[in-house]
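One structure is given here, and the rest of the page talks about it.
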Amino acid sequence: MPKKPENDALVTEITPRSQDFSRWYLDVVRRAELADYSPVKGCMVIRPYGYAIWELIQQAFDRRFKATGHVNAYFPLFIPEGLLQKEADHVEGFSPQVAYVTHAGGEALEEKLVVRPTSEAIIGTMYAKWVQSWRDLPILINQWANVVRWEKVTRPFLRTTEFLWQEGHTAHETEAEAEEETLKMLGVYQEVVESELAMPVLTGRKTDSERFAGALRTYSIEALMGDGRALQAGTSHNLGQNFAKAFEIKFQARDKSLQYVWGTSWGVSTRLVGGLIMTHGDDSGLILPPRVAPYQVVIVPIPRGNWQETVLPKAQAIRDELTAKGIRVMLDDRDSQTPGWKYAEWEMRGVPLRLEIGPRDVENGQVVLVRRDTREKTPTPMAELATRVPALLDDLQRALFERAVQFRQEHTTRVDSWDEFKAVMEGRPGFVIAPWCGSAACEAEVKAETQATIRNLPLGEQRSGGACIKCGKAAVAEAYFAKAY
RNA sequence: CGGGAUGUAGCGCAGCCUGGUAGCGCACCUGACUGGGGGUCAGGGGGUCGCAGGUUCGAAUCCUGUCAUCCCGACCA
């Protein structure tokens, strides 16, 4: 007989979340086989299970990009150093993080090549060649690519030297169109992250100090992690005509005048995988929302007696039936592990739904369904699986989102004074909404004293009046503050 | 990039102070019994101690350098 575990912790290899959130995160990444360290500083290997999650995230976004009129293309990894330097703010913002290729083909290069930290420069250069007339606009291109930013401090998925992302780059005839595009994509980001990753996000505008290097305005979606710190989960930039002027992206307008295009760029990255882990996970490991779970259902057969003849065929039939319904199913028929071991293993890996089937179940024409989030067990007739399983997955997807929304509510505080602000930031972490005068100096002081930064300024209606929590002058906006990743 | 810590079998660790050629738990392999929440017994395999130098008759152990990882700050998706 298998021995019963002596404590409640089914997975002993993972540091409890409450004990050390950071350790817990790293343990989950490693034990769930999402990623592993490589020999190069800050560069991780995304393992098959982690990559499968990323692929599902990619697909969810890609569908929406195409539905909103965008097409995919691919631009080169290397950018001549000179191109990056054409937009002044852009160089200044990125040069500390840039990696260069100085030698190739056995000799020193005449002009160093930059390994792209982002692709505005190379794409702007190409757009200049492709745009002549207002009839060539808009250009709505996205690319899925890797980029390199030499970060001082790295963490798997959250901040790596090389990371995978998507960058949309568009060019428009008018300022209004560019702004519309910027906000439209921000909306797409919110929709996908909330509906597919079940992560509630705050949309808003970044302050000048947090704005993308070279942009007119930057908008972001901000999520709240399980430890009360915020994660910037995606950004959308209105580039104005900054890059158009730097790269000479000009067109002849309807009124025959020569005009610069209006640009946007927007991106989400593999960081989202980290967000997923830190939003939903628990002490037993990962909890994946069904829509981005590589396996939505794991079937664990109970090997008793001649189970290979009795239980296994039933399990295979169920797998085939559910697969035919479009559900991603793993039948764990390994004879080398006990059922209990498999329960713990697949819980740690975050599979939303477990289906247990043993000789008793076969006799009764039923199986036992177990939810990953609540561990609730439901005996279910086999005949009803084709309808019950999809319903349960939908319910789980919704429950995870609602739980995250509630967590965010419980960790969002509105304050009006500096003392309150400091008290909240020191105690229960999360978002703090506070009036702000709009000055970068106040923003910087708040950060210096509390580590909290303005995540963004919410769009839409604002509570009027109020005095800046730092300097007491009239507030221009209510800002969402938080300690951030 | 500053401060702190750590690198010994796949994972977690002991050994280091007081140099003498590496050990424990889990995992892994073989067999049997098992199997509804990380099974039991028996037998077995695997490392030369992050890497590079140095001191020494002899280095996991002492010294120097270097690389990587983690934590705390400053910088960023």
Side-chain angles (χ1 to χ4, degrees), chain A residues 1-15 20-23 25-27 30-31 33 36-44 93-98 117-118 147-167 189 206 209-210 212-213 218 220-223 230-237 265-275 284-285 300-307 311 334-348 354 356-362 367-368 370 375 377 379 444 447-448 451 453 484-485:
Chain A
M1 293 288 283
K3 191 175 60 182
K4 293 252 162 72
E6 286 169 12
N7 53 29
D8 293 339
L10 296 176
V11 180
T12 51
E13 291 93 339
I14 294 177
T15 306
D20 183 341
F21 194 86
S22 183
R23 271 293 285 275
Y25 174 80
L26 293 167
D27 285 349
R30 204 188 61 249
R31 287 282 294 116
E33 297 182 357
D36 203 353
Y37 296 105
S38 78
V40 184
K41 177 180 163 56
C43 293
M44 65 171 177
F94 279 106
S95 56
Q97 296 181 272
V98 160
T118 177
V147 288
V148 168
R149 297 181 187 178
W150 222 259
E151 301 285 355
K152 310 265 165 89
V153 176
T154 58
R155 315 187 74 194
F157 291 111
L158 299 176
R159 180 172 294 106
T160 47
T161 301
E162 178 188 6
F163 58 94
L164 304 184
W165 77 346
Q166 147 285 307
E167 47 181 327
Y189 283 169
K206 285 291 194 182
S209 60
E210 300 259 330
F212 175 72
T218 287
S220 72
I221 53 171
E222 304 281 336
L231 183 77
Q232 180 171 302
T235 48
S236 185
H237 317 292
S265 69
W266 26 275
V268 296
S269 72
T270 35
R271 167 178 266 197
L272 284 172
V273 178
S284 298
V300 179
I302 308 302
R304 277 199 159 178
N306 58 339
W307 69 283
V311 175
R334 287 176 290 181
D335 200 18
S336 54
Q337 308 292 356
T338 62
W341 188 91
K342 291 176 183 178
Y343 296 168
E345 178 71 8
W346 291 110
E347 278 177 9
M348 189 268 297
R354 178 172 75 240
E356 304 172 6
I357 177 167
R360 291 206 298 268
D361 299 307
V362 172
V367 302
V368 177
V370 188
R375 291 206 170 80
K377 296 194 175 194
K447 184 177 181 182
Q451 293 185 316
T453 51
Y485 273 97

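The structure displayed is predicted, hence computed values, not measured ones. All chains are named by letter (A, B, ...) in the order of the sequence lines, taking the proteins before the strands, and each is independently numbered beginning at 1.
At the heavy-atom level, A:Glu356 lies under 4.0 Å from base atoms of the strands shown. Using a 4.0 Å heavy-atom criterion, one finds that A:Val153 contacts the bases of the nucleic acid, with or without backbone contacts as well. Looking at heavy-atom distances under 4.0 Å, A:Thr453 makes no contact with the nucleic acid at all. Residue-level contact check: A:Ser269 touches the bases, meaning some heavy atom is under 4.0 Å from a base atom.
As a whole-Å value, the separation of A:Phe163 CZ from B:A77 C1' is 5 Å. Put simply, CD on A:Glu167 is 12 Å from C1' on B:A77, counting in whole angstrom units. Distance A:Tyr189 OH to B:A77 P: 14 Å, rounded to the nearest Å. A straight line from CG of A:Leu158 to C1' of B:C76 spans 13 Å, rounded to a whole angstrom.
Relative to the side chain of A:Gln232, the nucleotides B:G36, B:A77, B:C76 differ in distance, and B:A77 lies closest.
Cation-pi geometry between A:Arg354 and A:Tyr343 is met: under 6.0 angstrom from the ring centre, within 45 degrees of the axis.
Map A:Val368 and A:Gly234 each onto its nearest nucleotide of RNA chain B; the residue landing nearer the 5' end is A:Val368. Between A:Asp335 and A:Lys447, the one whose closest nucleotide on RNA chain B sits nearer the 5' end is A:Asp335.
If you check distances only, the side chain of A:Arg159 does reach the base of B:C76 with a donor-acceptor pair under 3.5 Å.
Contact annotation: A:Gln337 side-chain N/O to B:C28 OP1/OP2 distance is under 4.0 Å.
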Please list each protein N or O that sits under 3.5 Å from an N or O in nucleotides 66-70 of chain B, with the distance.
residue	atom	partner	partner atom	Å
B:U69	OP1	A:Gly42	N	2.8
B:U69	O3'	A:Tyr37	OH	3.4
B:C70	OP1	A:Tyr37	OH	2.9

